[in-house]
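Chain A is the first sequence line, chain B the second, and so forth, proteins listed ahead of strands; every chain is numbered from 1.
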Amino acid sequence: MSVRVRYAPSPTGLQHLGSVRTFLFDYFFARANGGKFILRIEDTDQSRFNEESLQDLYDTLNWLGIDWDEGPDKEGGYGPYIQSQRLELYKEYAEKLIADGKAYRCFCTPERMEKLREEQKDNKQDYGYDRHCRNLSEEESQRLYESGAPYVVRLKIPDGREVAFHDEILGDIKRKSRDISPDPVMLKTDGFPTYHLACVVDDHLMEITHVFRGQEWIPSTPLHILMYEAFGWEPPKFCHLPLIMGKDGKKLSKRHGSTFAREFRAMGYLPEAMVNYMIMLGWSYDDTREFFSHDELAELFNLERVNKSPAVFDYKKLEWFNGQYIRKADPERIQNLYLPLLKEEGIISDPPTEDEMKLVKDSYGLVQERLKVINDAPGLLRFLFKEIESYNIEDAIPKKMDREGTKTVLKGCLEVLDGFAGRSDEENEELFRQKSEELGVKLGQILQPLRVALTGTTVSPPMFESIRLFGAERTMERVKNLIAQM
RNA sequence: GUCUCCAUCGUCUAGGGGUUAGGACACCAGGUUUUCAUCCUGGCAGCGGGGGUUCGAUUCCCCCUGGAGAUGCCA
């Protein structure tokens with residue numbers, strides 16, 4: 001049987017790192033096995049549905065280069081792929097369950113449920129429905145139904161059974177049926193299915209072979225097994241993925257840092273770095289290799305090497321991956337990624353002038369080794385395009401030197417800068433060395449004030465290259481400017 | 001509370017009855033260098049505890065501990 005895998009997000013929030021990891025495993029498993037990757041929208045919670053998250057889903061998938069074979073916009077013979085468009089189907093199957101005696105209508109009001117819950121809490125009993133309506137006589141149930149009373153459909157959980165399933169990652173998992181929540185709701189009052197019903201019905205109808213989902217679903221899988229039994233269907237294979245944690249071992253959340261895919265995109269992470277890092281969170285290839293292209297993953301990903309235990313998300317390592325990928329990337333691509341940022345920050349005009357574009361292109365060498373994320377670029381390049389707003393004089397004064405000495409050094413720089421453009425870097429360096437000897441300081445002590453004069457900071461790209469790009473004459477202006485302020 | 005899952009350096013992981021327990025990030029030190037970064041070299045650091053099984057357990061089994069998740073008309 002050919003592999004069919006689905007990613008089934010519910011559009012109630014933005015795609016976060018856990019979602020990304022799940023669909024990456026879905027996708028690459030499908031690809032590596034020559035199977036189909038299906039996108040299904042689980043919008044069964046009307047109250048939490050939100051349009052923005054739907055757009056975010058598509059944006060995220062597209063950004064990371066993940067395409068699907070079937071989905072809302074790609075009919076593949078198993079549609080519709082949006083659960084809110086399949087309501088009749090779920091109702092039909094719920095009715096079938098009732099007709100077969102596997103489920104029943106429950107007319108208990110929310111008020112009764114709340115009261116029950118409170119009583120259970122007071123008596124320190126286990127929570128759960130007391131099966132009041134399961135014990136209704138058929139006539140009574142029918143009468144209430146015909147009276148138009150609102151109801152939900154609940155599955156009858158059998159007593160005294162052990163429900164087992166085999167997880168492809170975790171192995172055999174068992175649970176006693178009495179530990180499964182008594183008689184979970186399948187169909188809500190509003191006619192929408194719960195996750196459990198919709199998921200089981202759709203996975204079966206869409207002939208899903210492997211269900212990938214987070215480990216938080218393990219406790220409800222026995223329930224799903226019971227549902228497959230009630231329908232007389234063969235369950236798919238289950239693959240419960242380890243959870244992603246924050247540094248403190250708690251479930252990853254905002255307080256650990258960014259968690260939404262779009263935030264990483266906005267910060268200037270490359271999609272391939274993101275994919276590579278995320279796939280390594282819970283999966284490994286061997287004892288050393290850790291760089292994988294999209295195509296390689298689509299060939300090499302497998303279930304055997306998926307880890308069982310939860311993984312802590314390491315922002316530092318992601319950053320390292322990103323730096324590695326930026327350095328390997330085509331310069332033009334990286335420039336095009338930060339070009340809009342330069343415009344946004346008003347560093348260059350919009351549209352850029354010809355001179356600005358040339359300078360952006362020529363200056364790439366200044367940043368390529370220094371970028372961890374794309375968004376670092378504006379800060380590194382700003383000095384080439386904009387005047388230094390204010391000098392921190394202290395920065396300009398090297399260690400073991402004073403203000404006067406620094407002034408003298410800067411004046412010395414002016415002499416060397418004269419005719420700078422006409423000489424090679426080697427020649428210029430030699431001149432700076434001579435000058436520093438003449439002034440009785442080290443080369444670093446002469447270059448630091450110059451660096452501050454040109455860039456406004458003590459940390460910058462290499463001096464000579466920067467001077468060449470910016471122009472020796474204009475550099476001299478900045479040096480004079482700084483001297484005047486000292 | 002109850003149920004379920006998990007457990008190798010700080011983090012991601014490889015390994016597996018006999019290994020100097022391997023790699024990567026981070027960190028530290030050194031080198032290259034005009035600062036930063038890159039790059040190179042080296043270093044620090046780990047099998048949670050207790051019982052078994054065995055000639056021998058980090059590896060297999062049990063218990064404990066620790067961590068996480070689930071206990072919704074949310075997914």
**OP:** List for me each residue that meets ring pair (Phe, Tyr, Trp, His ring centres under 6.0 Å) alongside F49(A), sequence neighbours excluded, and say none if there are none.
**Re:** none
Original post:
When only distance counts, do a donor and an acceptor, one from the side chain of S460(A) and one from the base of C36(B), lie under 3.5 Å apart?
Top reply: no
Subject >> Polar pair under 3.5 Å, donor/acceptor by atom type, side chain R327(A), base U38(B) >> reply: no
Original post:
Within a strict 4.5 Å, meaning less than it, do heavy atoms of the R21(A) and F25(A) side chains meet?
Top reply: yes
For nucleotides 1-11 of chain B, list the nitrogen or oxygen atoms of the protein found under 3.5 Å from its nitrogen or oxygen atoms, one pair per line.
| residue | atom | partner | partner atom | Å |
| --- | --- | --- | --- | --- |
| C3(B) | O2' | R175(A) | NE | 3.0 |

All N/O contacts under 3.5 Å from nucleotides 41-44 of chain B to the protein, with atom names and distances to one decimal?
none

Out of [options], whichever nucleotide has its closest atom nearest the side chain of [X]:
X	options	answer
V185(A)	G22(B), C73(B), A75(B)	C73(B)
E369(A)	U38(B), C74(B), A68(B)	U38(B)
R451(A)	A14(B), U34(B), C36(B)	U34(B)
V459(A)	A75(B), G67(B), U35(B)	U35(B)
W320(A)	G69(B), C74(B), A24(B)	A24(B)

**OP:** Tell me what M463(A) touches on the nucleic acid: a base, only sugar-phosphate, or nothing, going by heavy atoms under 4.0 Å.
**Re:** base
Original post:
Expressed in angstrom and rounded to an integer, what is the separation of L252(A) atom CG from G67(B) atom C1'?
Top reply: 16 Å
